[in-house]
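For reference, the structure discussed in these notes is given below.
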Amino acid sequence: LSESFGAPVYLKMDALQPSGSFKLRGIGLTCQRAVERGAAKLVSSSGGNAGLATAYAGQALGLPTSVFLPETTPEFVRDRLRSMDAEVVVRGSMWAETNEYAAAEAERSGGVLVHPFEGAETWEGHGSLVAEVFEELAPVGLTPGAFVASVGGGGLVLGILAGLVATPEAAWAR
């Protein structure tokens, strides 16, 4: 990439996080704080990385976790969720419908609904990557010229913005 762009390119390899994506940063923090507030159960509505992050966090925190999935979710994702001790519930043909079922279960069971991309705690957790970039590059005198991220629901981008604001020691963050 550096050769293609004619400038140094550094990658933050969050695909190597235990759940397989950056989602564990924010969702993990959201789940930790839910436990601190007395949560007894986690409920997620994601057929992808957010569900995997919630299941991983639930297992690590010792909390029962239900992950609601749309019918289109591949079997290998369902199996991976089950391997993290999550209850897998398949409801709805699309995410919005699945999310309604998950919200109802969270309310019925007294659990906490862990949204896949919204919420200040989730964004704060995603933003931790900015501080890590600063800690990794500053000692060798490097500063990033830009952050480039994929955008789905917007949680990562909002997290990067939150991280830039929360990292005052990184003058380049301004």
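By convention here, the first residue in the shown sequence is residue 1.
Listed here is the closest heavy atom pair of Gly58 and Leu42: CA-CD1, 3.6 Å. Between Ala55 and Leu81, the shortest heavy-atom distance links the atoms CB-CD2, 3.7 Å. In plain terms, the two heavy atoms of Ala50 and Pro116 that are nearest each other are CB-CB, 3.4 Å. The two atoms that bring Asn49 and Lys23 nearest to each other are CB-CG, 3.7 Å, heavy atoms only. Heavy atoms only, all atoms of each residue included: Pro144 and Leu137 are closest at CD-CD1, 4.1 Å. Taking each heavy atom of Pro18 and Leu24 in turn, the nearest pair found is CD-CD2, 3.7 Å.
Trp123 contributes no side-chain N or O that, together with a main-chain N or O of Ala162, makes up a donor-acceptor pair within less than 3.5 Å. In terms of modelled atom types and a separation under 3.5 Å, the side chain of Ser45 and the main chain of Asn99 share no donor-acceptor contact.
In this structure, CG in Leu113 is found 9.0 Å from OG1 in Thr54, a value given to the nearest 0.5 Å. The CZ atom of Phe22 lies 6.0 Å from the OG atom of Ser150; values are rounded to the nearest 0.5 Å. How far OG of Ser2 is from OH of Tyr10: 7.0 Å, rounded to the nearest 0.5 Å. Interatomic distance, Leu11 CG to Leu16 CG, rounded to the nearest 0.5 Å: 10.5 Å. Interatomic distance, His115 NE2 to Thr30 OG1, rounded to the nearest 0.5 Å: 11.0 Å.
Clustering ILVMFWY residues whenever any of their side-chain heavy atoms sit less than 4.5 angstrom apart, transitively, puts Val9 in a cluster other than the one holding Phe134. A single hydrophobic cluster is not seen to contain both Tyr101 and Met94; linkage of ILVMFWY side chains at heavy-atom distances under 4.5 Å, directly or through other members, places them apart. The hydrophobic clustering, which links ILVMFWY residues whose side-chain heavy atoms are closer than 4.5 Å, places Val157 and Val148 apart. A continuous path of Ile, Leu, Val, Met, Phe, Trp and Tyr side chains, each step under 4.5 Å between heavy atoms, connects Leu1 with Met13, placing both in one hydrophobic cluster. Taken together through direct or relayed side-chain contacts under 4.5 Å among Ile, Leu, Val, Met, Phe, Trp and Tyr, Met84 and Leu63 form parts of separate hydrophobic clusters.
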Quiz item: Does the pair Glu124 and Arg33 meet the rule for a salt bridge (charged side-chain N to carboxylate O under 4.0 Å, His left out), with working shown?
Solution: CA-CA 12 Å; Glu124 178 186 345; Arg33 293 212 177 134; 2.8 Å; yes

Exercise. Decide yes or no on side chain to side chain donor-acceptor pair (under 3.5 Å) for Arg25 and Ser128, but give the supporting numbers first.
Key: CA-CA 7 Å; Arg25 291 175 175 277; Ser128 66; 2.8 Å; yes

Exercise. Test Val90 against Phe68 for side-chain contact (heavy atoms from CB on, under 4.5 Å), laying out the working first.
Key: CA-CA 6 Å; Val90 180; Phe68 282 68; over 6 Å; no

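For the 3.5 Å distance criterion, the side chains of Ser21 and Gln17 fail to qualify, holding no donor opposite an acceptor. Checked by atom type, the side-chain pair Thr65/Lys41 shows no donor-acceptor distance below 3.5 Å.
The environment of Glu71 atom CD is dense: over 12 non-hydrogen atoms of other residues, nucleotides or ligands sit within 6.0 angstrom. Within 6.0 Å of atom CD in Glu3, 12 or fewer heavy atoms from other residues, nucleotides or ligands are found, so the atom counts as exposed in its surroundings. Applying the 6.0 Å contact sphere to OH of Tyr56 captures no more than 12 heavy atoms from other residues, nucleotides or ligands.
Within the 4.5 Å cutoff, side-chain heavy atoms of Val130 are placed close to those of Ile160. You'll find the side chain of Phe117 stays beyond 4.5 Å of the side chain of Leu158, heavy atoms only. Side-chain contact between Lys12 and Val133 is present, with at least one heavy-atom pair separated by less than 4.5 Å. The shortest distance between side-chain heavy atoms of Gln32 and Leu61 falls below 4.5 Å. With a 4.5 Å cut-off on side-chain heavy atoms, Val114 and Cys31 count as touching.
For Thr73, the side chain to side chain contact (heavy atoms under 4.5 Å, CB included) partners at least two apart in sequence or on another chain are Leu69, Pro70, Val77, Arg78.
Salt-bridge formation is not detected for the pair Glu97/Arg91: no Lys NZ or Arg NE/NH1/NH2 atom is positioned less than 4.0 Å from an Asp or Glu carboxylate oxygen.
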